[in-house]
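For reference, the structure discussed in these notes is given below.
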Amino acid sequence: MKVLIYNELDPKDIPGFSKLQAYLENDDFKSAEVKKLGDNLYRARLNQRDRLLFSIYRYQEQRYALILEFIKNHAYQDSRFLRQVSTVDESKIPDIPLVSIDEAAPLVYLNPSQPRFNLLDKIISFDDRQQAIYDLPPPLIVIGSAGSGKTALTLEKMKHAVGDVLYVTQSAYLVNNARDLYYAHQYDNPEQQIDFLSFQEFLESIQVPTGNPVNFAAFQNWFNRHRQGHALKDAHKLFEEFRGVITGPATDKSWLSREDYRALGVKESIFLAEERDAVYDVFEKYLQFLADNTLYDPNIVSHQYLQSIRARYDFVVVDEVQDLTNIQLYLILKSLHHSRDFLLCGDSNQIVHPNFFSWAKVKSLFYRQDDLQTGDELIRILNTNYRNSPQVTEIANRILKIKNLRFGSIDKESHYLVESNGHNQGEVLFLQDTADIRRELDNKTKASTRFAVIVMNAEQKPAAQQYFGTPLIFTIQEAKGLEYENIILYNFLSQEEARYREISKGVEAADLHHDIKYARGKDKTDKSLEIYKFYINALYVALTRAIKNLYWIESQPKQALLDLLGLGEAQASLQLASQNSSLDAWRLEAHKLELQGKQEQAERIRSEILKQKTPNWQVIDTTTLPELKQKALVGNDKNAKLALFEYALVYEDLDIINSLLKADFKAAKQPDKGLQLLQQKHYSAYSFKKPDAVLKQVDQYGADFRNLFNQTPLMVAAWMGNAEAIKALVELGADTEKVDSNGLTAFQIALAQSDRSEAYAKKKVAEFYLHLKPNSMSIQVDGKLVKLDKHTMEFFLLNLMIALFYRVMPFKLHYRIEGFSTQDFIDAVQHIPTTILPERRKQRAYLSSILAKNEIDKDDKHNRKLFYRVMRGAYIFNPKLAIRVEGEWVNIYDLLSIDKLMPQYETKQDWWRADYNAYREKSMAAQKQALKGLIAVKLGAK
């Protein structure tokens with residue numbers, strides 16, 4: 001058995017490593033005293049106190065022991081890979097015999113020449129070219145084809161950065177995915193502070209712009225309403241000109257003047273010189289359209305922000321850089337302390353967003369800007385594909401050859417073919433567009449999450465939906481970033497037959513047998529590349545979404561491009577086995593698509609596949625509660641009183657309880673009994689260990705439906721402490737960021753319950769804490785976005801303070817306005833297990849330091865300005881703090897209601913038994929008014 005070492009480990013720091021390595025290489029498990037601790041997790045004995053954790057894999061009939069972790073002094077509880085293990089009794093774990101090659105887990109790829117491996121969410125072994133790039137220092141530009149592993153390589157290189165680090169890309173989904181990959185297996189680097197931001201979030205971190213960013217759909221709707229009688233008809237072409245030519249490339253102005261635009265060279269614009277005045281006329285109307293609709297153009301805002309951007313990062317990674325414009329990239333790089341500390345990666349063959357990108361423009365940006373001077377040897381190319389089958393890769397390479405032959409080389413950096421290292425064999429089938437073929441494909445694939453249909457544009461969707469019942473039908477822009485085992489390409493060429501005929505013009509099949517040659521297009525006035533770039537790239541992207549098989553249907557099968565691709569003869573029949581996916585698989589698919597912003601497809605899955613329906617009860621929320629109070633307290637309606645009482649029990653609303661006592665509602669005198677009856681009546685499904693009854697409701701209404709009291713299933717499961725239900729709901733895509741009528745997320749509800757119940761904190765919360773914890777929290781301070789990652793103590797403390805607001809603050813409003821003290825947090829976390837919150841983070845000095853560091857006036861570069869100190873050692877929320885709640889910015893004191901605070905003169909455990917006499921009510925009202933006044937002052941109100 002061969003031994004490979006995790007690149008984060010240094011064998012020199014591991015006592016007895018050489019001897020143990022020899023035991024493992026000789027398959028001597030007995031001498032190594034190997035024991036199995038978990039799923040493909042083994043430990044070997046280094047000495048009396050220390051252990052080595054490893055996994056066993058196979059590749060090409062060879063076994064490998066992959067050394068993961070050095071465990072000192074039996075400290076299994078501190079292991080990254082045994083996170084929930086508190087104690088391991090080694091005397092009760094028997095030694096195991098040698099693991100056979102058939103028992104070893106398979107690896108898709110492993111480079112036997114490399115003695116080390118890397119690790120994200122899975123084992124990563126770099127090929128020689130990847131390893132050479134990995135070893136290079138910044139600055140660096142990595143160009144990689146689809147499936148080349150460039151993102152994994154980029155994330156691994158990020159781990160070498162020290163200080164404040166930024167990962168930024170256009171797609172919010174890619175940001176979240178990259179963050180999850182980076183921190184997989186509880187990776188932690190104390191020398192880094194990383195911001196994972198989408199480009200929109202990056203803009204917001206400088207200053208939150210007014211309104212929303214304009215997108216192509218909004219532009220197209222506006223343009224279609226105003227283009228009558230206009231010579232310019234192509235909305236996509238115009239949008240690319242606005243974003244990629246008029247506003248995108250220049251860094252010294254927000255947009256080109258009419259004179260500057262007219263003066264552009266023939267290769268600098270999509271439009272001919274005689275068309276440009278008409279284009280600029282539309283552009284001026286576009287600017288007015290933005291203003292009238294409170295929209296903003298990210299390019300224009302990027303230029304405006306050049307005046308206020310400050311250097312704040314020590315290293316920057318820009319992923320999928322081809323989706324950004326020059327001004328956007330320049331703004332990002334301006335945030336660096338030192339201009340050379342960056343890594344860019346992307347693939348210009350995958351451009352389907354309008355931005356007129358080219359690697360030549362990126363290089364010219366560096367040459368033109370004095371503050372971005374870099375060397376010439378920045379660029380490295382990855383052209384080995386580990387994702388797609390060889391059959392799909394072969395077709396994709398033919399597309400690249402046609403592109404090169406027809407238009408010449410775009411630039412040296414895009415001049416390469418893809419080498420396939422795909423481990424899955426597949427096929428490319430060209431099919432006739434007949435009723436039988438469509439019916440066969442539809443019947444066999446519509447119930448499967450492994451098949452998706454791609455069309456060119458939104459206008460083609462209705463036709464595809466007429467013939468294919470799957471909800472997984474995407475335009476090419478929607479398909480960007482997706483992967484499916486099987487892709488059905490439907491009439492991709494036929495609707496744009498003239499354009500693709502022009503693309504293939506002058507290219508012969510024999511030419512495709514040769515490697516591509518680097519040569520510029522001869523005719524500089526030829527606008528073909530700029531005009532047809534989208535269409536050739538769109539086809540390339542569509543093909544490479546298929547991991548294994550491609551089923552290509554065209555209503556016009558006799559096309560020159562298809563002949564060039566070797567698909568001249570369409571098959572008239574198809575033999576395909578039925579493909580079906582479980583409802584759980586469809587739920588997960590809907591959740592994944594929703595995260596990627598594919599709301600249309602997610603909703604179709606829920607309505608057509610999962611058959612989910614809207615609940616038939618009226619939810620008691622902020623809009624319906626006043627009417628319920630009126631019926632109960634003024635109208636003396638008995639049923640309304642009961643509903644209001646139950647609502648008050650759920651939300652610990654003492655104001656309502658007190659009102660019901662005054663209204664002589666007898667049940668309000670025994671809230672403990674009422675709570676017990678409430679749980680039996682409404683939450684019995686959550687009292688069982690198995691979540692079957694809860695999931696039955698989810699099947700009917702979806703994972704995020706609201707019950708009578710405006711709670712999602714995840715909130716209720718957190719409130720009840722049902723670990724199995726929480727795990728099942730999160731696996732089905734339940735949204736962890738939704739809030740209840742108190743403004744609390746499921747995670748914050750769990751923190752509140754941990755404070756309320758010692759048993760909950762000690763025995764329950766550890767089972768589901770990591771499932772409930774969101775990856776990050778977006779806040780706004782001083783008009784700027786700050787993203788608190790879940791690794792930070794600021795994230796935990798802010799969430800805990802929100803969770804305790806209604807329980808702690810009433811005690812702080814007796815005689816003067818006080819606030820949260822360090823002791824309040826110590827009391828709240830004392831029973832939380834150390835696997836969740838290490839002991840050092842529970843200490844008074846540490847908690848006080850976090851509070852003090854984040855005071856609004858504190859001079860600290862990492863000050864998040866979360867807290868306002870009302871007196872020594874007493875804190876409230878920064879009154880200007882806003883939190884992004886379900887996509888909208890909400891001030892903290894609009895999210896958390898001051899009016900719900902009531903006096904509590906007994907212990908917290910006896911909070912139901914507070915004495916509500918008239919004097920104290922009057923005093924409380926005065927204190928609430930004073931707190932509101934303080935907040936108003938801090939918010940700048942008059």
Side-chain angles (χ1 to χ4, degrees), residues 106 108-109 145-148 349-350 383-402 417-456 464 467-470 472-474 476 479 482-494 500 509 512-513 538-581:
V108 172
Y109 172 78
S145 62
S148 64
N349 290 315
Q350 295 191 63
N383 63 342
T384 300
N385 182 304
Y386 292 92
R387 178 199 301 161
N388 306 107
S389 66
Q391 293 78 11
V392 170
T393 301
E394 169 60 24
I395 293 290
N397 274 338
R398 284 176 175 258
I399 294 292
L400 295 180
K401 287 182 177 181
I402 292 169
L417 296 176
V418 178
E419 299 173 6
S420 176
N421 200 0
H423 57 286
N424 286 322
Q425 294 296 312
E427 59 182 351
V428 176
L429 298 178
F430 183 48
L431 304 166
Q432 289 185 8
D433 186 15
T434 65
D436 288 343
I437 289 287
R438 293 194 300 265
R439 192 180 305 113
E440 170 80 3
L441 267 177
D442 183 44
N443 289 339
K444 300 294 177 63
T445 67
K446 64 183 178 183
S448 174
T449 60
R450 297 189 297 273
F451 283 78
V453 179
I454 298 180
V455 296
M456 173 68 81
Y467 298 122
F468 299 102
T470 177
L472 304 177
I473 300 178
F474 303 94
I476 189 58
L482 299 178
E483 299 172 14
Y484 287 94
E485 183 177 308
N486 308 279
I487 289 295
I488 299 170
L489 208 57
Y490 184 64
N491 274 340
F492 207 81
L493 305 186
S494 297
Y500 282 106
L512 302 182
H513 296 301
L539 183 56
Y540 177 83
V541 170
L543 294 171
T544 54
R545 298 313 92 197
I547 296 173
K548 191 175 180 181
N549 302 311
L550 179 69
Y551 302 89
W552 194 336
I553 304 175
E554 293 290 347
S555 60
Q556 299 181 39
K558 299 299 181 183
Q559 298 190 46
L561 183 61
L562 291 169
D563 290 333
L564 292 174
L565 296 176
L567 301 175
E569 295 298 323
Q571 293 181 201
S573 62
L574 174 68
Q575 297 298 318
L576 186 65
S578 291
Q579 309 282 323
N580 294 290
S581 297

List for me each residue that meets side-chain hydrogen bond (donor to acceptor under 3.5 Å, both in side chains) alongside [X], sequence neighbours excluded, and say none if there are none.
X	value
Glu427	none
Asp436	Arg439
Thr449	Ser581

Taking only residues two or more places apart in sequence or in another chain, which ones pass side chain to side chain contact (heavy atoms under 4.5 Å, CB included) with [X]?
X	result
Ala542	Ile454, Ile476, Leu489, Phe492
Ser578	Lys444, Asn580
Ser555	Asp433, Asn491, Ser494

If you compare all heavy atoms of [X] against all heavy atoms of [Y], which two are closest, and at what distance to 0.1 Å?
X	Y	answer
Gly566	Arg398	N-NH1, 4.1 Å
Arg387	Gly147	NH2-N, 3.4 Å
His513	Lys401	C-NZ, 4.4 Å
Thr470	Asp442	N-OD1, 4.4 Å
Tyr484	Ala452	CD1-CB, 3.5 Å
Thr544	Tyr540	OG1-O, 2.9 Å

[X] side, atom [atom1]; [Y] side, atom [atom2] - distance, nearest 0.5 Å:
X	Y	atom1	atom2	value
Ile488	Asn486	CD1	CG	8.0 Å
Tyr500	Glu554	OH	CD	9.0 Å
Thr445	Leu576	OG1	CG	7.0 Å
Phe468	Arg438	CZ	CZ	7.5 Å
Gln559	Leu565	CD	CG	10.5 Å
Ile487	Asn549	CD1	CG	10.5 Å

Is there a side-chain contact between [X] and [Y], using heavy atoms and a 4.5 Å cut-off?
X	Y	value
Trp552	Leu493	yes
Leu472	Phe451	no
Leu539	Leu561	yes
Asn443	Lys446	yes
Glu419	Asn385	no
Phe474	Val453	no

Inset, instruction - Step by step, work out the side chain to side chain contact (heavy atoms under 4.5 Å, CB included) result for Gln579 and Arg450. - result: CA-CA 8 Å; Gln579 309 282 323; Arg450 297 189 297 273; 2.9 Å; yes
Legend entry - NZ/NE/NH1/NH2 to OD/OE distance under 4.0 Å, Arg545 and Glu483: no
Inset, instruction - Take Phe430 and Leu562 through the side chain to side chain contact (heavy atoms under 4.5 Å, CB included) test and state the conclusion after the steps. - result: CA-CA 9 Å; Phe430 183 48; Leu562 291 169; 3.4 Å; yes
Inset, instruction - Applying side chain to side chain donor-acceptor pair (under 3.5 Å), run through Gln391 and Gln425 and close with a yes or a no. - result: CA-CA 7 Å; Gln391 293 78 11; Gln425 294 296 312; 2.8 Å; yes
